[in-house]
There are 2 protein chains.
Amino acid sequence: MTTLPVTIDATSPQASCCPPAADAMVDDATAQDLAKVFKALGDPNRVKLFSLITASASGEMCVCDLTGPVGLSQPTVSHHMKLLVEAGLVTREQRGKWAYYQPAIGTLANAAQAFTA
Amino acid sequence: MTTLPVTIDATSPQASCCPPAADAMVDDATAQDLAKVFKALGDPNRVKLFSLITASASGEMCVCDLTGPVGLSQPTVSHHMKLLVEAGLVTREQRGKWAYYQPAIGTLANAAQAFTA
DNA sequence: TCCACACATTGACAGCCTTCGATACATCAA
DNA sequence: TTGATGTATCGAAGGCTGTCAATGTGTGGA
């Protein structure tokens, strides 16, 4: 599925109730990109993880400091962090044995502003 | 809603790799509220629906004008709109036969600012 | 009253997501 | 090299999600 290319596609089956409504809708690619960002924060545990990192005094955190507060296993936290990285909400930096995660706050702000622009 | 996240849960089981990291993490209820908002926009089709409504010239749209652009069946669109309403991203107003949806932009902005505050 | 229309709900199915234990990989110390 | 430690990956179980056809509900017109 997911065929609709872009096309505003003003094919209202029955144009009866509202004005033509030639609205601007985000295209498929944009919708998927935005959904990816929001989906990454669509899980309470990932919200906690992201808040931990953004509120970190040092500006970065490693996995070993994240498993405790959220109460999840290390593989699960690693999985969640991967999703946050893929969404562009955090960046990963390997330093020795540890993997440090830093917030990329602009990503969320930009995504949210996609609707108000 | 959106009570500023200020629950300090500094339960680091093993403080070995990083400084104590007395971070502020959002509490459970806040995390669930935020996740609910972001989860509602975690689907490409709901992103499209939300963008259609926010970009609407009249400031509101009915279901019959939404099914066409997203290419989904009427029950599916109705289902997605219900989720957006429950997340507080749009409001529903029944006027005669039609149900009009209006954007509540502040909800998304507030949710996004929960991390930068 | 009856019918047509706009929308919501239900039931069902396929696919995805969250989570864990087990395991593999990478780095550092001895 | 060997062992210990921090992370990532794999495989599986259970639950949740998106989608539709069919049906129900409420409104307005004839």
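Only a predicted model underlies this, so the values are computations on that prediction, with no experimental measurement involved. In the text below, chain A, chain B and the rest are named by the order of the sequence lines, each starting its count at 1.
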Take atom [atom1] of [X] and atom [atom2] of [N], then tell me their distance rounded to the nearest Å.
X	N	atom1	atom2	value
A:F38	C:dC17	CZ	C1'	20 Å
A:L72	C:dC20	CG	C1'	10 Å
B:L66	C:dC7	CG	C1'	12 Å
B:D43	C:dC16	CG	C1'	12 Å
A:Y100	C:dT27	OH	P	14 Å
B:E93	C:dA6	CD	P	18 Å

Considering only heavy atoms, which members of residues 74-85 of chain A lie under 4.0 Å from some atom of DNA chain C?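 Residues of residues 74-85 of chain A that come under 4.0 Å of DNA chain C are, in numerical order, A:P75, A:T76, A:H79, A:H80, A:L83.
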5'-most contact on DNA chain C: A:Q94 or A:G71, nearest heavy atom basis?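 The answer here is A:G71.
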Please check the phosphate of [N] (OP1 and OP2 only) for any side-chain N or O of [X] closer than 4.0 Å.
X	N	value
B:R46	D:dG18	yes
A:R92	D:dA8	yes
A:K39	C:dC17	yes
A:Y101	D:dA8	yes

Between B:D27 and A:K48, does the salt bridge (charged side-chain N to carboxylate O under 4.0 Å, His left out) criterion hold? Intermediate values first, please. CA-CA 8 Å; B:D27 59 282; A:K48 291 183 184 177; over 6 Å; no
Compare the minimum distances between each of D:dG28, C:dC20, D:dT5 and the side chain of B:K97, then state the nucleotide with the smallest one.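 Closest nucleotide among those given: D:dG28.
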Is there a side-chain hydrogen bond (donor to acceptor under 3.5 Å, both in side chains) between B:T76 and B:S73? Walk through the geometry before answering. CA-CA 5 Å; B:T76 301; B:S73 70; 2.9 Å; yes
Okay, side chain of B:R46, backbone of B:A40: is any donor-acceptor separation there less than 3.5 Å?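 Answer holds: yes.
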Would you check, one step at a time, whether the test salt bridge (charged side-chain N to carboxylate O under 4.0 Å, His left out) holds for B:E60 with B:R95? CA-CA 12 Å; B:E60 61 182 14; B:R95 218 148 64 217; 2.6 Å; yes
